[in-house]
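Written below as C-alpha cells is the structure these notes are about.
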Amino acid sequence: MRMSCGLTFRAAKGLWMVNLSRQCSHASIGLFVPPSPPVDPEKVKELQRFITLSKRLLVMTGAGISTESGIPDYRSEKVGLYARTDRRPIQHGDFVRSAPIRQRYWARNFVGWPQFSSHQPNAAHWALSNWERLGKLHWLVTQNVDALHTKAGSRRLTELHGSMHRVLCLHCGEQTARRVLQERFEALNPTWSAEAQGLAPDGDVFLTEEQVQSFQVPSCARCGGPLKPDVVFFGGTVNPDKVDFVHRRVKEADSLLVVGSSLQVYSGYRFILTAREKKLPIAILNIGPTRSDDLACLKLDSRCGELLPLIDPR
C-alpha cells in the first residue's frame with residue numbers, strides 16, 4: 001500500500017505557508033487505522049464488566065489510540081510506517097553524535113510540525129479524560145509523544161516517552177516550548193523551501209539530502225548546546241525515576257487496560273510484567289496481536305475511538 005501526503009513549505013513575503021495535498025485531508029485519517037471486524041456486542045459487555053469491577057484502573061495507551069486522529073504508527077499491518085516504507089525511526093546515539101543527522105532531523109521536523117501540532121484528540125482520548133473526571137481512572141500512562149491526552153484534559157498522566165511539544169538542551173537541560181523553536185527556525189531560514197512526501201509517526205516528513213543541506217539549526221539560547229525533542233528516541237532509555245513512578249502506580253492499581261499498543265517495546269511491556277506479578281486482571285484493546293495476549297483475561301480487536309465511548313465508567 002502506498003500513501004503519500006504532499007507538503008510544500010515556502011516563504012512568501014515573510015509568511016510561512018504549508019500546502020497539503022487532498023490526500024492529507026480529514027478524510028485520510030482512516031488510512032492509518034488497520035482494518036478491524038465490527039464491534040461485537042458481547043465483547044462490549046465483557047469490557048463493560050471489566051471496567052465496572054475496576055476501582056483503581058490503570059490505563060496504558062500506545063500509537064493505536066492516535067491513528068484515528070491522523071497520526072500514523074510504526075507497526076500496524078499494511079498501514080504502519082514499517083509496512084509502507086523502508087524508513088526507520090532515528091536512533092538516539094546517532095542524533096547525539098552527529099550534527100548532520102541533527103540537521104536532517106530538524107529540517108524534516110520543521111516542515112512536519114505545523115500539521116503534527118494541529119492534530120486533535122479523538123473519541124478515545126476524550127473518553128479516557130471523562131473516566132478520569134468521573135473518578136474511574138486511577139492513572140494513565142501513554143507511550144505516545146503527541147500530547148493528545150493533555151489536549152483532551154487528562155491530568156493523572158505520565159508521558160512515558162516524553163512529548164514532541166517540548167525541546168531539551170543536551171548540555172544544560174533547559175526546556176523550551178516547541179512552538180518557540182519553530183519561530184527561531186523561521187528566522188534563521190527565511191528563504192529556505194522544501195517539498196516533502198509522506199508523514200512519519202513522530203512529527204517529521206521525508207526530505208532529500210539536497211533539501212536538508214542548507215537548513216540552519218539554532219542552538220540552545222541559554223548555553224549554545226545542541227537541541228533535542230524532549231522525547232525518548234529509539235535506543236534511548238526512559239528516566240529511571242519515571243519508570244519507578246509508573247511501577248508504583250501499577251502496584252496501586254487493581255486492574256490494567258491496554259489501549260492501542262502492540263507492547264513490542266520493552267519500556268511499556270515491563271509494566272505488564274509488573275501487573276502479572278501482582279496478579280492484576282489485564283484487558284487489551286488493540287487491532288492485531290500484541291506481546292501480551294496470553295496474559296490478558298480479555299482481548300478486543302476494535303477501533304479505540306469506536307469502542308471506548310460505549311463504556312459507562314460509573
If only atom types and distance count, is the side chain of [X] paired as donor or acceptor with the main-chain N or O of [Y] below 3.5 Å?
X: Lys228; Y: Val231; value: yes
X: Ser66; Y: Ala63; value: no
X: Glu68; Y: Arg303; value: no
X: Lys299; Y: Ser292; value: no
X: Gln175; Y: Gly173; value: no
X: Arg178; Y: Arg166; value: no
X: Asn144; Y: Asp146; value: no
X: Asn189; Y: Phe185; value: yes
X: Asp293; Y: Thr290; value: yes
X: Arg276; Y: Ile282; value: no

Polar contact flag, side-chain donor to acceptor under 3.5 angstrom, [X]-[Y]:
X: Asp301; Y: Ser36; result: no
X: Ser129; Y: His149; result: no
X: Thr61; Y: Thr142; result: yes
X: Gln48; Y: Asp312; result: no
X: His119; Y: Ser69; result: no
X: His165; Y: Ser117; result: no

If you measure from CG on Leu300 to CG on Leu285, what distance do you get to the nearest 0.5 Å? 6.0 Å
Quick one: CG on Leu263 to CG on Asn286, what's the gap to the nearest 0.5 Å? 7.5 Å
Could you check whether the rings of Phe215 and Phe110 sit parallel, tilted or perpendicular, using 30° and 60° as the cut-offs? tilted
For the residue pair Tyr105 and Phe233, does the interplanar ring angle fall in the parallel (under 30°), tilted (30 to 60°) or perpendicular (over 60°) class? perpendicular
[Y]/[X] salt bridge by N-O under 4.0 Å criterion:
X: Arg249; Y: Glu252; answer: yes
X: Glu277; Y: Lys251; answer: no
X: Arg156; Y: Glu132; answer: no

Any side-chain heavy-atom pair from [X] and [Y] closer than 4.5 angstrom?
X: Leu57; Y: His138; value: no
X: Lys136; Y: Thr52; value: no
X: Trp106; Y: Phe95; value: yes
X: Leu47; Y: Leu257; value: yes
X: Cys172; Y: Cys220; value: yes
X: Val232; Y: Thr237; value: no

May I have the step-by-step check of side chain to side chain contact (heavy atoms under 4.5 Å, CB included) for Gln264 and Tyr269, ending in yes or no? CA-CA 7 Å; Gln264 292 301 316; Tyr269 176 67; over 6 Å; no
Checking Glu306 against Val39 for the side chain to side chain contact (heavy atoms under 4.5 Å, CB included) test, could you report, in this order, the C-alpha distance in whole Å, the side-chain angles of both residues, the deciding distance, and whether it holds? CA-CA 8 Å; Glu306 188 176 19; Val39 173; 3.6 Å; yes
When you group the ILVMFWY residues by side-chain heavy-atom contacts below 4.5 Å and let the links chain together, are Leu181 and Ile101 in the same group? yes
Kindly indicate, with the supporting measurements, whether the criterion side chain to side chain contact (heavy atoms under 4.5 Å, CB included) is fulfilled by Arg49 and Leu298. CA-CA 11 Å; Arg49 182 172 184 274; Leu298 177 61; over 6 Å; no
Between His92 and Phe234, is the ring centroid distance below 6.0 Å? no
Test the Lys45-Phe50 pair against the cation-pi criterion, namely NZ or CZ under 6.0 angstrom from the six-membered ring centroid and within 45° of the ring axis. no
